[in-house]
Asker: 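I am attaching a structure below and will ask some questions about it afterwards.
For ligands, and for the atoms within them, numbers begin at 1 and follow the listed sequence. The chain is numbered in sequence order, starting from 1.
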Amino acid sequence: MRVESYATLAEAARAMGPDAVFMAGGTLVMRDVNAGTSASRIVRSADPVLTEIRSTGDGVSIGAGVTMAQALANRDLAFLSSVARSVGGPQVRNMATIGGNIFAHHPYGDFAVALLALGARVVLAGQGAAKPLEDVLRERGRSSTSPIIAAIEVPRPRDPRAFAFAKISRIKPKGVSVMSIAAHLPREGGRIRGARIAFGAMGPTPLRATAAERVLEGQSLDAATIARAAQLACDGLDPPTDALASAWYRREVAGTHLKRLLEKMERG
Ligand SMILES: Cc1cc2nc3c(=O)[nH]c(=O)nc-3n(C[C@H](O)[C@H](O)[C@H](O)COP(=O)(O)OP(=O)(O)OC[C@H]3O[C@@H](n4cnc5c(N)ncnc54)[C@H](O)[C@@H]3O)c2cc1C
């Protein structure tokens, strides 16, 4: 295994190829290397862009190499601190990056669930305009060379109570997800405008619960609306069966967990 370190992301992006894997914190890549990955080169970059956290007025631009621990320590990212804290234990959080979380396969990817609910956009190294995280998740693993993420642009919720996250796991505090849920429900005049709900561990990548979003859109967050949204929680989702839970179980409990999260938001 050859390890190549590049000063800039542009050089790292040029060095990528079907035989190479980009490594950030390495919490997953090193596991694959130990298990015998098919890649023969590890590409790294020390570009300072990767660790930059910058306020952009109505949002925050987060370098893809920012770790969960760094996110927890940054006041601009206070709205994401419960999400960062939900990832692994302290040792994992010291290494695990936000960019890596976007490529982490089930049952991982809790941070990406929150980013999806917040409508984050992704800046790819060497490419111009940022693209929706949804597109990156959809295209994940489809080509032999994946692009390198430079930064993630996250809109900051205008009202912190409009965003909520829950991770459902069997072992606390460090268990992996049976599922994770994030909801962003901005309100205007008491009505929800731009509802976004995302689930993790309910499909091959973090996915939006669009049927539940449609129920919430334009409504006030009351018991009847919450009940209707919870009923449709699983529409369009394709939960896996694994050692943590069966697909049947995930389908059975998803609505209840969504209902609890929305009720918590309703109480403020
Ligand atoms: C004990 C343990 C517990 C864990 N618990 C959790 C948990 O609770 N929740 C959770 O979500 N995850 C968990 N993880 C998984 C993992 O630590 C996180 O998902 C982490 O965020 C991955 O980031 P990384 O920097 O370590 O990724 P790496 O291992 O460096 O990379 C992972 C993948 O992402 C790609 N990648 C990394 N950075 C970029 C980039 N900038 N651009 C493009 N591709 C990139 C790599 O090529 C690779 O395919 C756990 C892992 C371990 C070992």
Asker: Look at atom 33 (C) of ligand 1 and say which protein heavy atom is nearest, naming residue and atom and giving the distance to 0.1 Å.
Answerer: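 Ranking protein heavy atoms by distance from atom 33 (C) of ligand 1, first comes Phe103 CB, 3.7 Å.
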
Asker: For Phe199, run the side-chain contact (heavy atoms from CB on, under 4.5 Å) check against Leu237, Val113, Leu116, Leu207 and tell me which one passes.
Answerer: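 Of the listed options, the one satisfying the test is Leu237.
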
Asker: Number the atoms of ligand 1 from 1 as they appear, then name those within less than 4.0 Å of a heavy atom of Gly88, with their elements.
Answerer: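 So the atoms of ligand 1 that pass are 5 (N), 6 (C), 7 (C), 8 (O).
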
Asker: For Lys174, is the nearest heavy atom under 4.0 Å from an atom of ligand 1?
Answerer: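 Flag not set, Lys174 not near ligand 1.
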
Asker: Nearest to atom 48 (C) of ligand 1, what protein heavy atom do you find, and at what distance?
Answerer: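 Residue, atom and distance for the closest contact: Val29 CG2, 3.6 Å.
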
Asker: Among all the protein's non-hydrogen atoms, which is closest to atom 13 (C) of ligand 1, and how far away is it?
Answerer: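 Of every protein heavy atom, Tyr108 CD2, 3.2 Å lies nearest to atom 13 (C) of ligand 1.
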
Asker: Among all protein heavy atoms in this structure, tell me which lies nearest to atom 16 (C) of ligand 1, with the distance rounded to 0.1 Å.
Answerer: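 Nearest protein contact, heavy atoms only, for atom 16 (C) of ligand 1 is Thr27 OG1, 3.2 Å.
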
Asker: Looking at Leu72, is its backbone amide N or carbonyl O close enough to the side chain of Arg85 to form a donor-acceptor pair, meaning the two atoms are under 3.5 Å apart?
Answerer: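 No, because the side chain of Arg85 does not come within donor-acceptor range (under 3.5 Å) of the backbone of Leu72.
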
Asker: Near Ile148, which atoms of ligand 1 are under 4.0 Å from a heavy atom of that residue?
Answerer: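 Close to Ile148: 42 (N), 43 (C).
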
Asker: In the protein, what heavy atom is nearest to atom 20 (C) of ligand 1, and what distance, to one decimal place, separates them?
Answerer: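 Looking at atom 20 (C) of ligand 1, the protein heavy atom closest to it is Ala96 CB, 3.3 Å.
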
Asker: How does Ala150 reach ligand 1, by side chain, by backbone, by both or by neither, if only non-hydrogen atoms under 4.0 Å count?
Answerer: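 It is neither; nothing of Ala150 touches ligand 1.
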
Asker: Ala125 near ligand 1, heavy-atom distance under 4.0 Å?
Answerer: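 No heavy atom of Ala125 comes that close to ligand 1.
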
Asker: Counting C-beta onward and ignoring hydrogens, is there a side-chain heavy-atom pair between Thr56 and Glu153 closer than 4.5 Å?
Answerer: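 The answer is no; the side chains never approach within 4.5 Å.
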
Asker: Enter the distance from Thr27:OG1 to Asn94:CG here, rounded to the nearest 0.5 Å.
Answerer: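 If I round to the nearest 0.5 Å, the distance is 11.5 Å.
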
Asker: How far is atom 47 (O) of ligand 1 from its nearest protein heavy atom, and which residue and atom name does that atom have?
Answerer: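 Residue, atom and distance for the closest contact: Phe22 O, 2.6 Å.
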
Asker: Just need the protein heavy atom nearest to atom 28 (P) of ligand 1, so name the residue and atom and give the distance.
Answerer: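 The closest one turns out to be Gly26 N, 3.5 Å.
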
Asker: Output the distance between atom OG (Ser246) and atom CD (Glu252), rounded to the nearest 0.5 Å.
Answerer: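 So the OG of Ser246 and the CD of Glu252 are separated by 9.0 Å.
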
Asker: Could you tabulate the donor-acceptor pairs under 3.5 Å formed by side-chain atoms of residues 176-194, not counting sequence neighbours?
Answerer:
residue : atom : partner : partner atom : Å
Ser177  : OG   : Asp110  : OD1          : 2.6
Ser180  : OG   : Asp110  : OD1          : 3.1

Asker: Quick check for you: to the nearest 0.5 Å, what is the distance between Leu137 atom CG and Phe103 atom CZ?
Answerer: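 Going from CG on Leu137 over to CZ on Phe103, the span is 8.0 Å.
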
Asker: Quick check on contacts: which atoms of ligand 1 are under 4.0 angstrom from a heavy atom of Thr97?
Answerer: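 Numbered from 1, ligand 1 contributes 20 (C), 21 (O), 23 (O), 24 (P), 25 (O).
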
Asker: Could you state whether Val136 and Leu9 fall into the same hydrophobic cluster, counting links through intermediate Ile, Leu, Val, Met, Phe, Trp or Tyr residues with side-chain heavy atoms under 4.5 angstrom apart?
Answerer: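 As far as the 4.5 Å side-chain criterion goes, Leu9 and Val136 are not connected within one cluster.
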
Asker: Counting only heavy atoms, which portion of Ala24 has something under 4.0 Å from ligand 1: side chain, backbone, both, or neither?
Answerer: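 Near ligand 1, Ala24 shows its backbone as well as its side chain.
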
Asker: Heavy-atom pairs closer than 4.0 Å: do any link ligand 1 to the side chain of Ser86, the backbone, both, or neither?
Answerer: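 The part of Ser86 near ligand 1 is the backbone, not the side chain.
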
Asker: Heavy-atom contacts with Ala64 under 4.0 Å: which atoms of ligand 1 show up? List them by number with element.
Answerer: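 Checking each atom against Ala64, I get 41 (N).
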
Asker: Heavy-atom contacts under 4.0 Å between Lys167 and ligand 1: side chain, backbone, both, or neither?
Answerer: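 It is the side chain that touches ligand 1; the backbone stays farther off.
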
Asker: Compare Val83, Asn101, Val176 and give the one whose heavy atom is closest to atom 19 (O) of ligand 1.
Answerer: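 Minimum heavy-atom distance to atom 19 (O) of ligand 1 goes to Asn101.
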
Asker: Of the choices Pro206, Ser169, Gly100, which has the non-hydrogen atom that lies closest to atom 27 (O) of ligand 1?
Answerer: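 The option holding the nearest heavy atom is Gly100.
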
Asker: Would you mind listing which atoms of ligand 1 come within a distance below 4.0 Å of any non-hydrogen atom of Ile149?
Answerer: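 Answer, ordered by atom number: 40 (C), 41 (N), 42 (N), 43 (C).
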
Asker: Should you measure from each heavy atom of Gly109, which atoms of ligand 1 turn up under 4.0 Å away?
Answerer: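 Those atoms are 10 (C), 11 (O).
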
Asker: Side chain, backbone, both or neither: which applies to Asp110 and ligand 1 if a contact is any heavy-atom pair less than 4.0 Å apart?
Answerer: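 Looking at Asp110 and ligand 1, atoms from backbone and side chain both fall under 4.0 Å.
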
Asker: Just to verify, what does Ser220 make a side-chain hydrogen bond (donor to acceptor under 3.5 Å, both in side chains) with, not counting sequence neighbours?
Answerer: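 Here the qualifying residues are Asp222.
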
Asker: Where do Arg2 and Asp19 land on the salt bridge (charged side-chain N to carboxylate O under 4.0 Å, His left out) test, with the steps shown first?
Answerer: CA-CA 11 Å; Arg2 197 179 132 107; Asp19 59 334; over 6 Å; no

Asker: Checking contacts here: is it the side chain or the backbone of Val21 that comes within 4.0 Å of ligand 1, counting heavy atoms only? Could be both or neither.
Answerer: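 It is the side chain that touches ligand 1; the backbone stays farther off.
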
Asker: Taking only heavy atoms of Ala104 into account, list the atoms of ligand 1 that are under 4.0 Å away from them.
Answerer: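 Reading through ligand 1 atom by atom, the close ones are 19 (O).
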
Asker: How far is atom 1 (C) of ligand 1 from its nearest protein heavy atom, and which residue and atom is that?
Answerer: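 So the nearest neighbour among protein heavy atoms is Val92 CG2, 3.7 Å.
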
Asker: Quick check: closest heavy atoms across Arg156 and Gly57, and the distance to 0.1 Å?
Answerer: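 Heavy-atom minimum between the residues: NH1-O, 3.0 Å.
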
